[in-house]
Structures are given as structure tokens and as C-alpha cells.
Amino acid sequence: MYDFIGKQDKEVLAALAGEERRQAEGLELIPSENYVSKAVREAQSSILTNKYSEGYPGRRYYGGQAYTDEAESLAIERAKRLFGARFANVQPHSGANANIALYFALLEPGDTVLGMDLSHGGHLTHGHPVTYITKFFNFVRYKMKDPDTGEIDYDEMLAVAKEHRPKIVLAGFSAYSRELDYDKFVSIAKEVGAYSVIDIAHIAGLIAGKASKNPFDSGFDVMTTTTHKTLRGPRGGMILARESEELAKKIDKAVFPGFQGGPLMHVIAAKAVSFGEALHPSFEIYALQILKNAKAMEEVFRNAGVRMLGGGTSNHLILADVYGSLGITGREAEEILDSVGITLNKNAIADDTRKPMDPSGIRFGTPAITTRGFMEKESGRVAELMLEALRNRADQNKLAAVRQEIRDLCARFPIPDSFV
Ligand code: DSN
């Protein structure tokens, strides 16, 4: 690895080697991160990076596409099988691009989207005012009825939908730990004549691994996703259409040429490899273990009396109110845990009174440690170590002991090279 960079560019090599070490010796608890296989990395660093392939398999703008067509068709077919979709577009460079292309596919400027409030778990691309999409489209909100149970206020959602007549009812989140009632979303969308769309970026792997319900079974029209979170593929995005060819055509046109230029064929080949891994029976075991490990961490936090948004977790992530429960801000907690080799992110909690750069909460999850092979026992121990570090933040000896135990755990559970 890095033979050529090693000879040619010591400065970049230093950054890569440092990151290798950081990932090997520390625990990754950011719930949107994961470790890909060496096969995925090989595809992503492959010769396909040299190729321009505007268009889609069989209808490209440039010549020389025999092998790019092969790679993209494999990615499409595997994605369709994984999610039970009739159509897949694997070209979005990211989840944000997938969402933005989708808005341009389905909406006219000025149209309305009903999405989850960012402060209650939604994502920036679901219409946060800092994003440019809000200059083109109108976003209205739904929230949780009670942040301590996580239940969405479906009555309010229906009322907002009736008042604002959105063209898209958008489910999905990036900081929400409970299952959504998919049937309710679809029925509210139908009632107001909107498309039902869900951004499954965080839970795509749980769905592909059959550990969570598939929103298409409830009749959602479209799913958008990233490919690098629980799905454990390369960094990228994807859009899936359940049934409608008309929608699929609009989506294809919006992704290219509407929004993006040449697809990243090396990444698309890596998507195909990772989808192949996710179709392997072992992926179902992995997906289920993600949930069990999150439950094990939840138990430790519950026993310690730490408030968790949604009252706990039904998926891969936990959002803990460390400011309310332990008197530490999210930023302080992130820094203390970083110093002992645990990476997670500070996060606003519902209706947070603190600022986004120093909020009340932390968000953490189990996709990456589960890839490392952690079971409930190790996951519970990690939760205990987190609390030990946070409670003893002024005690350098205690922090050093936690750091050592994290290093030992990492050495016992090295990042695997392959999963099949
Ligand atoms: N940054 C991703 C996450 O952490 O959830 C979403 O964009």
C-alpha cells in the first residue's frame, strides 16, 4: 500500500499514514462512518478513475465504455436486488447530491417539501435555511411530539401537509434513533397528492441486511441514500425508485445532465463491490449485530441515568443529552472522548438552547465497531468507558487507563480486510 505515494510525495504520505494509525488505534463511533473492505478500496482506487462516462450504460456521450457499462450495470442490478427497487441511479456523488437532484427531478421552483425539522433529527439537505436549495423550494416541517419517546407528531404532520400541500413528503433523518411509521408517511403523502420519499442514508445497511423494515414495502415512491454508512460501501450516493418508470426517467435526467457531470466510475465500481458484499448472507448477521450492540450501549447509558433522546434506540445510533445529565457540553464531551481514542460527534438535541458548535448532546453509534467484530459485551464496555472518561475528565491517570483499554480493544479487534 502507498508504494508510489511513498516514493513520490512524503507530505501526502504522512497524512495517509497518520489516518491509518488513527483509525487502527481508536474507536469510531460516528454513526455515519464505517470501514470498507480492501476490495472496495481497490475498486475505488482503480483505473476507472481515468474515464469520462457521461450518460448511462448503453447511452453514453463518449466512446470506450464497454467496461464502465459493465461496472455500472452491476452496481444498478445489485442495488435493485438489495432494496427491491425497479430502478436505481448509482451516479450521485454523495447523499446531498442525491437529495438535491431528486428535488430538481420532482419539483418546480417554489414547490413545497414537508420534511423533518433539523433540530429534531432531520438533515441539512431536508431544507435547512443555510442551504441554497431553500432559495428554490419551500420547506415546511414536522417534529417529534415528545423528544423523550421520539414519537413523530403525525397529526401535526397531516395538518401541515393539508395546509401547505407539499409535492414531496420526506421521511428520513441523520440524528434520530427510533423507527418511523412508514405507513403513516405514505398515507399522508397520498392524502395530499405528494410523492413519498425517504432518505435512508443512515439505515440503508439495516434495510439491506433485513434488520429494519424496507420502506418500499409500505409503498414509498423513492428512496435516496448514501452508500458509505451502515451500507459499508464507498463514499457516495444513490437514488432508488420503487416502481414508476416515469419517476425513474425524471431522476436519471435530473442527476445527469441536470445536476452532475461525469460520473465517478471508480466509485461506482466500488459501489458494485460493496453491494455484492451486502448481498452476501453474512451481511444480515452484521446488520442485526449493529442493532444488538446499540442496545447494549443504550442499557449502560440508561442504567447510568443519562437522558437519551427518543428514550433510547431502535436503530444504530444514540443521541445523549450529556449537558442535561452530566453537566458537560457536547463539544467538551467530544474533545474528552477524542483524547482517549473514541471518535464521535457533538450534536444538537431537540429544541436545544445551546449553539450548534457547542450543543447539549453527543451522537454515537455502532456500525463501525460492529464491523470490527464487537459484540454486545465489548459494546457495553465501550459505553462504560465513555462514561468513565466523561465523569473523570479531570483525572489524567483515569483518562490514561481508559485510553490504554481502548488501544487494547482495538488491538484485539483489528479492522478487517474482507467480509465475505
Ligand atoms: N454527515 C452525515 C451524518 O453524519 O449524518 C450526514 O450528512
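Counting convention: from 1, in listed order, for ligands and their atoms alike.
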**Student:** Check each atom of ligand 1 against the heavy atoms of Ser174 and keep those under 4.0 Å away; list them by number with element.
**Tutor:** 5 (O)
**Student:** Does ligand 1 have an atom that lies less than 4.0 angstrom from a heavy atom of Arg363?
**Tutor:** yes
**Student:** If you measure every N or O of Lys229 against every N or O of ligand 1, does any of those distances drop under 3.5 Å?
**Tutor:** no
**Student:** Would you indicate whether the side-chain heavy atoms of Ile198 and Tyr182 approach each other to under 4.5 Å?
**Tutor:** yes
**Student:** Quick one: nearest non-hydrogen protein atom to atom 3 (C) of ligand 1, plus distance?
**Tutor:** Ser32 OG, 3.3 Å
**Student:** Under a 4.0 Å N-O cut-off, is there an ion pair linking Arg331 with Glu334?
**Tutor:** no
**Student:** By number and element, which atoms of ligand 1 are closer than 4.0 Å to a non-hydrogen atom of His123?
**Tutor:** 6 (C), 7 (O)
**Student:** Can Asp221 and Ser196 be counted as having a side-chain donor-acceptor contact under 3.5 angstrom?
**Tutor:** yes
**Student:** His202 heavy atoms, cut-off 4.0 Å: which ligand 1 atoms fall inside?
**Tutor:** 3 (C), 5 (O)
**Student:** So which of Leu240, Val197, Ile200, Val186 actually passes side-chain contact (heavy atoms from CB on, under 4.5 Å) with Phe220?
**Tutor:** Val186
**Student:** Check the pair Met386, Met297 against side chain to side chain contact (heavy atoms under 4.5 Å, CB included), reporting the backbone distance first and the verdict last.
**Tutor:** CA-CA 10 Å; Met386 288 167 70; Met297 296 187 88; 3.8 Å; yes
